[in-house]
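This structure is a prediction, so every number in the text was calculated from the model and none was measured.
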Protein chains: 2
Amino acid sequence: MTNRDYLDQILAELEAISTLDEFQRVVRDLSNAIEVDHVDFLWVDAEGKNFYFGTHSEDWAKRYRDPAFVRLDPIVTGCYQRFHPVDWKRLDWSSKSARTFWSEAHAYGVGNQGYSIPVRGPNGQFALFSINHQCEDAVWDSFIAAHSRELILLAHFLNRKALEFEPDRSPDQRLPLSPREVDTLTLLAVGYSRAQVAETLSISEHTLRVYIEGARFKLGAINTTHAIARATSSGLIIV
Amino acid sequence: MTNRDYLDQILAELEAISTLDEFQRVVRDLSNAIEVDHVDFLWVDAEGKNFYFGTHSEDWAKRYRDPAFVRLDPIVTGCYQRFHPVDWKRLDWSSKSARTFWSEAHAYGVGNQGYSIPVRGPNGQFALFSINHQCEDAVWDSFIAAHSRELILLAHFLNRKALEFEPDRSPDQRLPLSPREVDTLTLLAVGYSRAQVAETLSISEHTLRVYIEGARFKLGAINTTHAIARATSSGLIIV
DNA sequence: TGATACCTCCCCAGAAATGGGGAGGTATAT
DNA sequence: ATATACCTCCCCATTTCTGGGGAGGTATCA
């Protein structure tokens with residue numbers, strides 16, 4: 001990573017990838033390119049399924065493929081609601097479970113320094129690109145200061161690539177909601193009852209039902225709650 | 001943008017910003033740095049409120065501050081569900097409303113070439129960084145090929161900065177949902193009725209109600225639908 | 001050890017949502 | 001010009017959700 005052209009080469013290599021195996025290989029090679037002990041890449045798709053690999057041991061990786069386990073990791077939970085890249089030192093390690101997790105990670109060979117970059121996709125997909133190393137704070141801090149931009153770009157490209165492996169849920173393949181259907185769902189999503197929505201939109205409640213049912217059908221939802229969940233999580237309505 | 005150190009300088013400048021005015025100024029200066037006719041930055045926060053500025057005319061900008069208007073722009077709608085940066089030429093301009101929009105944009109001084117980069121925040125925040133220019137296709141294509149990485153990084157940093165101006169909705173300030181509450185909401189979000197959820201979780205429907213009400217309270221939601229909308233859009237549950 | 005939060009169970013009545021079926025008027029696109 | 005999608009209105013019976021109130025056992029954190 002000392003030479004910037006090296007980054008260009010990695011990104012070009014990443015663009016060219018077409019299989020998951022190649023993807024894994026490129027990610028693993030990153031630890032040499034970046035010159036850190038470990039890198040890993042966690043990706044949670046729109047359905048909540050996990051996808052993980054890196055240079056850590058296979059035992060450790062296996063645990064990350066369990067969605068329930070992942071949510072125990074303070075690093076993941078710490079980054080999930082955030083946007084900025086995070087140095088692991090800055091996370092909250094005060095709780096007992098967090099410290100347990102940390103010592104367990106150590107046992108699996110995870111080093112003392114880490115830096116994670118969260119990136120997100122359009123339907124709530126979540127990618128976390130992390131680098132991990134064993135060294136002193138000062139060394140690490142200056143390393144991060146020097147390379148954070150390259151790392152961000154890498155995280156961005158890794159996420160983009162991961163998205164290509166997701167089954168297609170593009171908007172073109174969905175029936176688009178009509179304006180009234182969007183209005184209806186939007187108001188329902190902010191807690192209005194059907195009567196209130198009908199009044200707000202100045203239409204009869206009967207008419208309203210037509211929209212709700214239309215939206216349910218288009219979204220493949222079996223009830224209103226389901227429709228709201230689908231519409232919000234796919235960005236069709238904004239709450 | 002010919003010199004890469006220039007990018008570093010811009011990013012450093014961006015980091016140091018603390019007011020919206022400075023932010024606007026830096027964004028506008030980008031058109032010189034990147035050497036294009038126009039740049040603009042649209043940002044939709046977690047509540048759906050818009051935030052827009054750039055080098056386009058104030059009249060044009062005014063329209064973008066209306067959330068309803070923004071959703072008419074084929075560029076915005078085209079990027080909203082996507083992840084990759086998009087060249088405007090590749091968008092769907094076939095519909096009449098899209099063409100109307102385009103000719104109107106021209107009347108406001110928008111050039112023929114454009115490139116937009118969508119980036120997202122943890123709670124569904126959406127940023128769209130666009131550059132716009134008047135030139136021939138070949139010139140534009142090679143320009144984009146040369147600079148797409150810098151532009152992506154810029155979009156990323158602009159979004160990060162914009163998030164700093166958002167009122168704090170960090171997870172720390174929210175009451176966390178209990179595991180059972182998450183289970184409950186998750187199953188409701190996939191369309192289960194209360195009876196089905198109770199059966200799935202092997203608890204009584206009465207108990208289930210306690211969780212639903214607990215979750216509603218914590219999310220500040222006035223009914224279940226509202227709670228689902230909040231939970232999905234803030235990533236507390238994954239659908 | 002005490003506070004706090006979590007999980008679990010129960011009743012009842014009123015309010016709201018759902019399912020199914022039918023129909024006319026208006027834009028817009030091909 | 002014709003098809004397609006959208007917007008609007010209406011009834012009835014059944015299922016589902018909501019509001020309010022009460023209570024005991026367990027884990028965790030300070």
Atom pair distance, as rounded to whole Å: [atom1] in [X] and [atom2] in [N]:
| X | N | atom1 | atom2 | result |
| --- | --- | --- | --- | --- |
| A:Gln196 | C:dA16 | CD | P | 9 Å |
| B:Phe217 | C:dC6 | CZ | P | 11 Å |
| B:Ile212 | D:dG19 | CD1 | P | 11 Å |

Item to check | Nearest-nucleotide comparison on DNA chain C, the residue closer to the 5′ end among A:Leu188 and B:Glu181 | outcome: B:Glu181

Item to check | 5'-most by nearest nucleotide on DNA chain C - B:Tyr211 or B:Asn223 | outcome: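 Going by which nucleotide is closer to the 5' end, it is B:Tyr211.
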
Item to check | Closest listed nucleotide, where the reference is the side chain of B:Arg180 and the choices are C:dT8, C:dG20, C:dC11 | outcome: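 Among the listed nucleotides, the one closest to the side chain of B:Arg180 is C:dT8.
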
Item to check | Proximal nucleotide (of C:dG20, D:dC6, D:dG19) relative to the B:Arg216 side chain | outcome: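 Selected nucleotide (nearest to the side chain): D:dG19.
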
Checklist entry - Excluding sequence neighbours, so at least two apart, what forms ring pair (Phe, Tyr, Trp, His ring centres under 6.0 Å) with A:Tyr192? => result none

Can you list the residues that meet the side-chain contact (heavy atoms from CB on, under 4.5 Å) rule with [X], with sequence neighbours excluded?
| X | result |
| --- | --- |
| B:Ala215 | B:Leu177, B:Glu181, B:Leu185 |
| A:His38 | A:Thr55, A:His56, A:Asn132 |
| A:Gln134 | A:Asp37, A:Asn112 |

Next on the checklist: Base contacts versus sugar-phosphate-only contacts with protein, heavy atoms under 4.0 Å: please encode nucleotides 23-30 of chain D as B, S and - from 5' to 3'.
Outcome noted: --------

Checklist entry - Once the angle between the rings of B:Phe41 and B:Phe51 is folded into 0 to 90°, is it parallel (under 30°), tilted (30 to 60°) or perpendicular (over 60°)? => result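 Judged by the thresholds at 30° and 60°, the geometry between B:Phe41 and B:Phe51 is perpendicular.
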
Item to check | Within residues 198-208 of chain A: residues closer than 4.0 Å to DNA chain D (heavy atoms) | outcome: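 Correct list: A:Ile203, A:Ser204, A:His206, A:Thr207.
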
Checklist entry - Can the ring centroids of A:Trp60 and A:Phe101 be said to lie less than 6.0 angstrom from one another? => result yes

Checklist entry - With the threshold set at 4.0 Å, does a side-chain nitrogen-carboxylate oxygen contact exist between B:Arg65 and B:Glu58? => result yes

Next on the checklist: Can you tell me which residue among B:His206, B:Glu205, B:Glu213 is in a side chain to side chain donor-acceptor pair (under 3.5 Å) with B:Arg209?
Outcome noted: B:Glu213

